[in-house]
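The structure under discussion appears below in the form of structure tokens.
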There are 2 protein chains.
Amino acid sequence: MSSVTINDVARQAGVSKKTVSRVINNEANVSVDTRDKVMAVINELGFKRNPLGMALAKNRSLFIALLADNPSPGYLQKLQKGILQCCSEEHMGLFLYDCSYRSPTLVHEIEEFIDNTLADGLILVPPLSDKQDLLDMLDRKNVCYIRIGPKDQGSGDSVGFNGSKAAFEMTNYLLQLQHTDIAFVLGHPDQQSSHRVEKGFRQALHDAGKTVNETLVVQGYYTYQSGVDAAGVLLSRTPRPTAILAANDEMAVGVLYAAHSLGIKVPEELSICGIDDISITTKVWPNLTSMRQPIATIGYRAALLLINKLQGKPMPEPLTPEDQSNIYDCELIVRDSTCPPAR
Amino acid sequence: MSSVTINDVARQAGVSKKTVSRVINNEANVSVDTRDKVMAVINELGFKRNPLGMALAKNRSLFIALLADNPSPGYLQKLQKGILQCCSEEHMGLFLYDCSYRSPTLVHEIEEFIDNTLADGLILVPPLSDKQDLLDMLDRKNVCYIRIGPKDQGSGDSVGFNGSKAAFEMTNYLLQLQHTDIAFVLGHPDQQSSHRVEKGFRQALHDAGKTVNETLVVQGYYTYQSGVDAAGVLLSRTPRPTAILAANDEMAVGVLYAAHSLGIKVPEELSICGIDDISITTKVWPNLTSMRQPIATIGYRAALLLINKLQGKPMPEPLTPEDQSNIYDCELIVRDSTCPPAR
DNA sequence: CTGAAAGCGCTTACAG
DNA sequence: CTGAAAGCGCTTACAG
């Protein structure tokens, strides 16, 4: 604790503490001489503004919180990384709060968390970002937040990826490989993104003049285990699908495990692919083909949007169309889990 | 923001704000009548103490920070969960700070982070917890911290697992299966735990009257890729080892991948096992045998130790010998990646 | 058992 | 361009 305060600086520099305050906040209306003098003393004394004093005076805490539960640990990990990067650059602290989506008292717990920490703003990760009673509470409390996920649903700003396009392109890729019996594992029905992705899958099949075989579309919940279970169902179908696309990688890994357990060769007898491109895709064997979602970029962007909003700053000029829309595109990453179907 | 303050409560209850302060801090020397009256008003008005005001007055911020880099994401995830659980119970906020161990300015970056957030205390995850220049800086700044990892090295309290015992037991398990050519992948040499684990491995072999084949002990760095690389070396040895024990699961997953790539059947032709029992062990095929480290418990314990230290509270009576020593034992979890060697 | 005063480190009006 | 006063919401001595 470098307990040198604004008062010490003021005394040493022979100015009022208000003037010191002006300098450290980069306000206008300070003469160059005064500013230089104050800066010199600040450096000499090693003064750092105590964020707590500022927080109390401004009634803004200077930190934000990440609220998440954990459907896909790899996803959260990358998102967190991007958010942290931005927070670090903007000198914001990041609080972590683990929730469980299923808790009946979730909204109340989060309300208590906010009261306890006084975080200025919140970043909401799906499925929390699609939970209307939570958003209602935040609106009522007048808490600033940003949602990770599709835009149209719910209130508040959001940053997300183009899920329907991702699924559309991945399905097209499988069609190009000449797959005909393509199965699809849905995400959690509570999450908007799941419906987006499903839409892209159906669209691609439709555009190719195929009809969707509804027995090959099964429910999943974005978790590893739900991928295992879905694959169990799909791989007992006759004819067996030659390719399975899962709405996220976490489930795709589950599908892969199920295939191995049944002695089905991947990709020779079954192509498997997912969406997200989380780190586990390159740890399992064979490495999974996936649509790369710029997860860290999305996290970074979400944090920046929130912080700028809190500080009343306008957003910087968007460098790309994606920065403007806050909807990011995915990129197909072909690895070893997909190939043309056996004849 | 429920902007009802201690002053509002005091006025409404007809007492001084100091008395209200006494009540909310559960201090002695308040008459039952007064306490009841104040409590009634608190509930009526929905008063919650503003942590910022308290923080400034007490010069303690009421949050702690988790400093980590990311050798094994699955490990960090579980640790974080335990820490968060404790923070939530103790009404502490948890800041997150991602560092990169290799950054030449790391110590300085962390110093800046502390100044910016005023976290009361820090939880240090390996390899940070073994970094002496970092510990020196924290000691100099008089920052309270707790280390995750072995005890003897470095200053400050620590919570860890019994790595040598874990490796000892796992090696014994492999010996019981009649493995003779057992290879070992070391962890990062900067981390104390790596040396512990190595010691346990050697001890078990020694106790069984075997000499260690030094060509079967190779360097790893606790990362997935280092596991892949180490396995590449080991699996080209003649005679090939029949079992590989990696110092953590993240590397064991890499070993498994390498075995698959070479067409080596696991476990029939090669047994593989690791230490930690992170979630990926049950996502890869076959599921990995591992030593379960109570990671979340360790995280919880570390947070509790730190928080009690900050609040000057004594630790609660230890319920188990492990709680007393703060060194936790592992448990062997046999899965599908180990079996007796082929004849 | 209770309270008036001063203070934590900063900022917001306001005045000059 | 600069500063004196009051205040953010709480706590720490101290006095009674």
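Chain letters run A, B, ... following the sequence lines, proteins first, then strands; residues in each count from 1.
Nearest to the side chain of L56(A), among dG9(D), dC10(C), dC10(D), sits dG9(D).
Closest approach of I24(A) to I6(A), counting heavy atoms only: CD1-CD1, 4.3 Å. Annotation for A65(B) and L94(B): closest pair C-CD1, 4.1 Å, computed over non-hydrogen atoms.
Between the CG atom of N7(A) and the P atom of dA4(D) there is a distance of 12 Å, given to the nearest Å. The distance between atom CG of D36(B) and atom C1' of dC1(C), rounded to the nearest whole Å, is 15 Å. What separates NZ of K58(A) from P of dA13(C) is a distance of 11 Å, to the nearest Å. K17(A) has its NZ atom 20 Å from the C1' atom of dC1(D), to the nearest Å. Rounding to whole angstrom units, CD1 of residue I42(B) and P of dC10(D) are separated by 10 Å. Note: CG (D115(B)) to P (dC10(C)) measures 12 Å, nearest angstrom. Counting to the nearest Å, the P atom of dG7(C) and the CD1 atom of I6(A) are 17 Å from each other. In this structure, N59(B) places its CG atom 11 Å from P of dT12(D), rounding to the nearest Å.
In summary, the side chains of T34(B) and S31(B) do present a donor paired with an acceptor at a separation below 3.5 Å, with no hydrogens or angles considered. Of the N and O atoms on the side chains of N29(B) and R22(B), not one donor lies less than 3.5 Å from an acceptor on the other residue.
Residue contacts for L52(B): at a heavy-atom cut-off of 4.0 Å it reaches no nucleic acid atom on any strand shown. Heavy atoms of K18(B) sit under 4.0 angstrom from at least one base atom.
By the 30° and 60° cut-offs, the orientation of the rings of F95(B) relative to F95(A) is parallel.
In this model, the phosphate group of dG3(C) is approached by a side-chain N or O of T19(B) to a distance below 4.0 Å at OP1 or OP2. Contact annotation: R60(B) side-chain N/O to dT11(D) OP1/OP2 distance is not under 4.0 Å. Contact annotation: S16(A) side-chain N/O to dG3(D) OP1/OP2 distance is under 4.0 Å.
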Residue pair L122(B), Y97(B): steps toward the side chain to side chain contact (heavy atoms under 4.5 Å, CB included) verdict: CA-CA 10 Å; L122(B) 262 37; Y97(B) 189 72; over 6 Å; no
CA sep, side-chain torsions, deciding dist, call: L306(A), C144(A), side chain to side chain contact (heavy atoms under 4.5 Å, CB included): CA-CA 8 Å; L306(A) 180 62; C144(A) 196; 3.9 Å; yes
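Stem regions annotated for DNA chain C: C:1-3 with D:14-16, C:5-12 with D:5-12, C:14-16 with D:1-3, counting only runs of 3 or more consecutive pairs of Watson-Crick or G-U type with both contacts under 3.5 Å.
Exactly one residue among I146(A), I110(A), D130(A), L138(A) makes a side-chain contact (heavy atoms from CB on, under 4.5 Å) with L124(A). That residue is L138(A).
L66(B) places none of its side-chain heavy atoms less than 4.5 Å from the side chain of L84(B).
Non-hydrogen atoms lying under 4.0 Å from DNA chain C are contributed by S21(A), N25(A), all within residues 21-34 of chain A.
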